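Just so it is clear, the values below take in all heavy atoms, side chains as well, and ignore hydrogens, waters and symmetry mates. Computed from a predicted structure; not experimentally measured. Note that ligands are numbered from 1 as they come in the structure, with each ligand's atoms numbered from 1 the same way.
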Amino acid sequence: MRVCKRTALTDKTRRDDARQRLAEWVDSVAKITKPSRVSWCTGSEEEFHSLVAGMVADGVLIKLNERNYPNCYLYRSDPKDVARSEEATFICTKDKDDVGPTNNWMASDEAQAKLRKNLDGCMIGRTMYVIPYLLGPVNSPYSQVGVELTDSPYVAANMEIMTKAGPLALQHLNADGFVKGVHSTCTLDPTNKYICHFPDEKLIMSLNSNYGGNALLSKKCHALRLASVMARNEGWLAEHMLIIGIEEPDGTLTYVTGAFPSASGKTNLAMLKPPDYMKGWNVWAISDDIAWIHLDSEGKFRAINPESGFFAVAPNTSLKTNPRIMEMVRKNTIFTNVALSSDKTPWWEGMGEHPRKLWDWQGRVWAAGKSPGSAAHPNSRFTTSIRQYPSLSPEYNNPNGVPVTAIIFGGRRSELVPLVCESFSWEHGVLMGAMLRVETTAAASGDVGVLRNDPMAMKPFCGYHIADYFSHWLSFRRKSGKLPKIFQINPFRVGRDGKYLWPGYSHNLVVLKWIVERCQGKGEAVETPIGYIPTTASLKVQGLDISEDMINELLRVDTAAWMDELESTQLFFESLGEKLPKTLQEELSKLMTRLQPAATFSSQSH
Ligand code: GTP
Ligand code: SPV
Ligand code: MN
């Protein structure tokens with residue numbers, strides 16, 4: 001009994017210490033930014049309502065139709081502030097070599113001095129919101145606390161949906177301390193935009209943007225960029241991954257995670273509603289964007305979702321493509337940069353027929369075929385609490401996370417990459433992830449549809465040298481006796497007419513079914529140079545309206561085109577310098593050898 005009391009006391013002392021440090025830090029930032037008011041957020045419903053009411057009164061938010069979309073709001077951003085700004089994103093350390101060639105680097109001292117100047121008085125006349133937040137389940141050894149200071153009520157309201165904000169977070173403060181985030185919209189000057197990360201200080205500073213990934217500091221900045229550095233140091237993984245539980249008709253559950261780059265299908269796969277022809281199956285969502293994966297005492301991978309809400313792409317979501325999302329966003333949702341009809345209903349491309357009268361995402365009257373561009377911004381999004389999702393896994397709150405049986409890599413490739421492929425080994429799977437080259441999307445500013453290397457879908461989110469990150473992935477061979485199987489998928493292959501060959505969305509469950517079967521040693525496959533591919537018959541699920549020829553086309557491996565792909569991988573690997581792990585180079589050489597015309601492969605099933 002005495003021991004218990006002493007532990008409890010020590011915990012309380014540590015929490016009090018941390019609270020004291022927090023109060024001092026908030027004061028020190030307020031001294032620089034000079035807000036007229038400091039408001040500590042409680043995360044309560046009343047507080048959310050007062051935040052949105054204030055924004056509606058100020059014209060920052062438009063209240064949507066209360067009958068169709070109760071407690072829903074539209075936010076129109078500055079037209080130049082609509083996506084993540086990778087060019088303005090920096091990892092700030094002492095040594096440039098810490099961050100490698102895939103990140104922008106700034107020396108910590110230089111960055112601190114530069115940003116401090118910009119922060120001076122930036123909140124004059126504004127309220128500074130103090131948002132303590134908890135990432136991950138309550139009382140989980142894997143959860144973390146952060147505190148964001150922001151002068152944006154839009155950010156405060158979004159953070160209350162995306163995280164467990166308020167006193168609950170403060171109760172989790174301990175000797176580990178907390179991640180510090182300072183955010184100001186300043187003047188939204190795009191030429192003075194900085195999203196700076198200081199892994200050594202567990203600090204984030206973000207200026208001159210109000211866009212999700214740049215401004216909701218819990219998300220990409222904390223849960224990925226800073227967490228990836230902590231994960232490397234502590235032996236776990238912080239990944240740009242969905243987490244789902246796939247239920248078979250007999251009730252068996254298999255948990256898988258999936259890393260696809262931004263705007264490339266994670267949310268839709270996580271919220272998949274099974275097609276009518278797959279009775280008895282279900283997909284339970286745990287995460288749609290981020291997974292923190294730890295090894296348990298048996299060396300098994302266990303994943304939690306650090307987030308409590310979704311900040312997800314609106315366009316192309318419809319009752320046809322994803323009825324579960326459509327149901328979820330019909331209440332208590334903030335829409336950003338969607339179009340608006342005359343009855344104050346949100347609309348976006350791909351939702352269905354457009355209403356007769358429509359305003360585009362900038363509030364201009366929009367006429368199909370006449371107005372330039374799209375009515376909703378291609379990167380328009382909705383923010384909704386995960387509690388509203390109709391097929392949320394009961395394991396979402398499990399402090400120990402869910403066991404991971406398979407990891408999937410994917411991304412937009414209109415050519416080359418087959419619908420699904422299984423790696424031969426952990427090391428080959430890590431190569432699959434490291435080789436990911438995908439088409440860019442509207443989630444980040446810059447050109448769309450340009451092929452670029454996005455290893456493990458983490459190019460914009462890995463907070464350290466990507467070659468060290470590859471070594472970290474490979475190190476799990478030594479740490480775990482129960483490595484997940486690794487797969488690659490691509491639902492985005494197109495035909496000569498430019499149309500997708502695979503129906504995608506709910507039909508992706510056919511692919512997940514094969515993955516589950518492979519994990520159980522059941523699914524049929526043929527061996528190819530790039531990995532195991534399903535037999536045609538194993539994807540010909542009854543009810544799926546797609547010809548055998550089409551399935552064969554979706555599974556075709558064009559060895560000559562793969563050789564070209566390897567050349568570009570080789571160049572990418574060379575650009576990473578000496579830190580590239582030898583094992584990965586060897587895996588690439590093995591793949592090259594398998595692709596040589598003389599190599600033979602058995603065509604029988606595996
Ligand atoms: P981030 O939130 O940016 O990390 O993106 P995400 O990976 O969660 O992507 P999301 O599921 O939101 O999908 C992005 C876009 O791709 C949306 O317009 C979807 O409708 C579309 N999409 C998703 N899955 C499929 C699919 O299987 N086939 C096709 N054709 N489009 C898809
Ligand atoms: C992404 O870009 O991968 C997103 C959206 O999930 S944001 O949070 O804005 O980065
Ligand atoms: Mn994302």
Side-chain angles (χ1 to χ4, degrees), residues 77 81-86 89 155 158-159 162 195 206 209-225 239-244 258-272 275 285 287-291 307 309-318 320-322 324-326 329 336-338 348-351 374 376-383 408-414 419-420 438-446 448 454 457-461 489-494 498-512 554:
S77 79
D81 189 35
V82 292
R84 270 187 302 101
S85 314
E86 294 181 7
T89 301
V155 165
N158 275 275
M159 286 291 288
M162 296 304 295
I195 302 104
S206 166
S209 171
N210 207 26
Y211 171 74
N214 298 334
L216 310 177
L217 303 185
S218 61
K219 197 169 174 55
K220 305 299 178 170
C221 303
H222 176 165
L224 287 177
R225 295 196 192 94
E239 298 297 324
H240 192 202
M241 286 181 179
L242 64 90
I243 312 169
I244 48 176
F260 320 148
S262 303
S264 297
K266 290 182 300 302
T267 303
N268 278 272
L269 199 67
M271 303 196 194
L272 183 157
S287 175
D288 81 320
D289 198 47
I290 301 180
E307 302 195 277
F310 307 114
F311 179 65
V313 175
N316 288 323
T317 311
S318 69
K320 220 164 118 196
T321 59
N322 205 314
R324 284 178 170 173
I325 299 184
M326 291 303 280
V329 301
T336 297
N337 289 338
V338 300
W348 47 79
E349 275 70 16
M351 189 199 254
S374 51
H377 188 276
N379 190 40
S380 51
R381 293 195 174 238
F382 57 81
T383 321
I408 308 171
F409 293 117
R412 287 175 188 270
R413 281 305 290 260
S414 47
L419 180 62
V420 57
V438 295
E439 287 142 31
T440 51
T441 66
S445 54
V448 169
D454 193 349
M458 283 288 279
K459 146 83 181 81
F461 309 120
I489 70 167
N490 177 27
F492 297 106
R493 213 151 145 171
V494 300
K499 291 200 177 123
Y500 293 117
L501 295 175
W502 178 249
Y505 298 105
S506 64
H507 307 282
N508 288 330
L509 187 53
V510 171
V511 175
L512 293 177
L554 281 157

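- Inter-residue side-chain proximity for D289 and F311 is flagged as unmet; no heavy-atom pair is nearer than 4.5 Å.
- Taking only nitrogen or oxygen atoms, main chain and side chain alike, T317 does not reach within less than 3.5 Å of ligand 1.
- Backbone and side-chain nitrogen or oxygen atoms of K266 are examined, and none is located within less than 3.5 angstrom of a nitrogen or oxygen of ligand 2.
- In this model, no donor atom of one side chain and acceptor atom of the other lie less than 3.5 Å apart for R412 and T441.
- Ligand 1 has a nitrogen or oxygen under 3.5 angstrom from a nitrogen or oxygen of A263.
- Counting the atoms of ligand 2 from 1 in the order shown, those under 4.0 Å from a heavy atom of D289 are 6 (O).
- Residues L242 and T267 are not in side-chain contact: their nearest non-hydrogen atoms beyond the backbone lie 4.5 Å or more apart.
- Taking the Mn ion (ligand 3) as the corner point, the angle from D289 atom OD1 to K220 atom NZ is about 100° (rounded to 10 degrees).
- Using modelled atom types, one side-chain atom of E349 and one backbone atom of A376 make a donor-acceptor pair closer than 3.5 Å.
- Using a 4.5 Å cut-off on side-chain heavy atoms (C-beta onward), F310 and M162 make no contact.
- Looking from atom 5 (C) of ligand 2 to the surrounding protein, the closest heavy atom is R381 NH1, 3.2 Å.
- Near T267, meaning under 4.0 Å from one of its heavy atoms, ligand 1 places the atoms 6 (P), 8 (O), 11 (O), 12 (O).
- Side-chain contact check for R493 versus S414: every heavy-atom pair is 4.5 Å or farther apart.
- A heavy-atom distance below 4.5 Å is found between the side chains of Y211 and R381.
- In terms of protein heavy atoms, atom 12 (O) of ligand 1 is closest to V313 CB, 3.5 Å.
- When each atom of ligand 1 is checked for a heavy atom of N316 under 4.0 Å away, the hits are 18 (O), 20 (O).
- Heavy-atom distances between W502 and ligand 1 stay at or above 4.0 Å for every pair.
- Checked by atom type and distance alone, the side chain of S209 never pairs as donor or acceptor with a backbone atom of N214 at under 3.5 Å.
- Less than 4.0 angstrom separates some heavy atom of A443 from each of these atoms of ligand 2: 2 (O).
- Taking all heavy atoms of E349, R412, K266 into account, the minimum distance to atom 4 (O) of ligand 1 is reached by K266.
- Among all non-hydrogen protein atoms, the one lying nearest atom 9 (O) of ligand 1 is G265 N, 2.9 Å.
- Residue-to-ligand polar distances keep K220 apart from ligand 1: every N/O pair is separated by 3.5 Å or more.
- Within ligand 1, counting atoms from 1 as listed, the ones closer than 4.0 Å to a heavy atom of H240 are 4 (O).
- Note: no N/O pair closer than 3.5 Å links F311 and ligand 2 by distance alone.
- For the ligand labelled ligand 1, residue P261 lies inside the 4.0 Å heavy-atom shell.
- Listed by number with element, the atoms of ligand 2 under 4.0 Å from a non-hydrogen atom of S262 are 1 (C), 2 (O), 3 (O).
- Distances from the Mn ion (ligand 3) to each N, O or S atom of H240 single out NE2 as the nearest.
- Between P315 and ligand 1, at least one pair of N/O atoms sits closer than 3.5 Å.
- Side-chain atoms of H240 come within 3.5 Å of backbone atoms of A457 as a donor-acceptor pair (strictly under, hydrogens ignored).
- In this structure a side-chain-to-backbone donor-acceptor pair under 3.5 Å is missing from K266 to D288.
- The shell of residues lying under 4.0 angstrom from ligand 1, judged by heavy atoms, excludes H507.
- Inclusion of P261 in the first shell of the Mn ion (ligand 3) is not supported: no N, O or S atom falls under 2.8 Å.
- Residue contact annotation: N508 has a non-hydrogen atom under 4.0 Å from ligand 1.
- Close contacts between ligand 1 and D289 involve ligand atoms 4 (O) [criterion: under 4.0 Å to a heavy atom].
- Within the 4.5 Å cutoff, no side-chain heavy atoms of E86 are placed close to those of F461.
- The backbone N or O of V82 sits less than 3.5 Å from a side-chain atom of N379, completing a donor-acceptor pair.
- Listed by number with element, the atoms of ligand 2 under 4.0 Å from a non-hydrogen atom of F461 are 3 (O).
- Atoms of ligand 1 lying under 4.0 Å from any heavy atom of R381, numbered from 1 in the order shown and given with element: 1 (P), 2 (O), 3 (O).
- Judged by distance alone, the side chains of N316 and W348 never bring a donor and an acceptor atom under 3.5 Å apart.
- When only modelled atom types and interatomic distance are considered, T317 and N322 share no side-chain donor-acceptor pair under 3.5 Å.
- In this structure a side-chain-to-backbone donor-acceptor pair under 3.5 Å is present from S287 to I290.
- Polar contact check, H240 against ligand 2: a nitrogen or oxygen pair lies under 3.5 Å apart.
- The residue F310 has no part lying near ligand 2, judged by heavy-atom distances below 4.0 Å.
- The protein heavy-atom contact nearest to atom 6 (O) of ligand 2 is K220 NZ, 3.0 Å.
- Nearest non-hydrogen protein atom to atom 21 (C) of ligand 1 is Y505 OH, 3.4 Å.
- Less than 4.0 angstrom separates some heavy atom of N268 from each of these atoms of ligand 1: 10 (P), 11 (O), 12 (O), 13 (O), 19 (C), 20 (O), 23 (C), 24 (N).
- Using a 4.5 Å heavy-atom threshold, the side chains of V511 and I408 count as separate.
- The side chain of Y500, and not its backbone, has at least one atom closer than 4.0 Å to an atom of ligand 1 (non-hydrogen atoms only; side chain from C-beta on).
- Using a distance-only test at 3.5 Å, with no hydrogens or angles considered, a donor-acceptor pair links the side chain of S77 to the main chain of D81.
- The shortest side-chain heavy-atom distance between T336 and F382 does not fall under the 4.5 Å cut-off.
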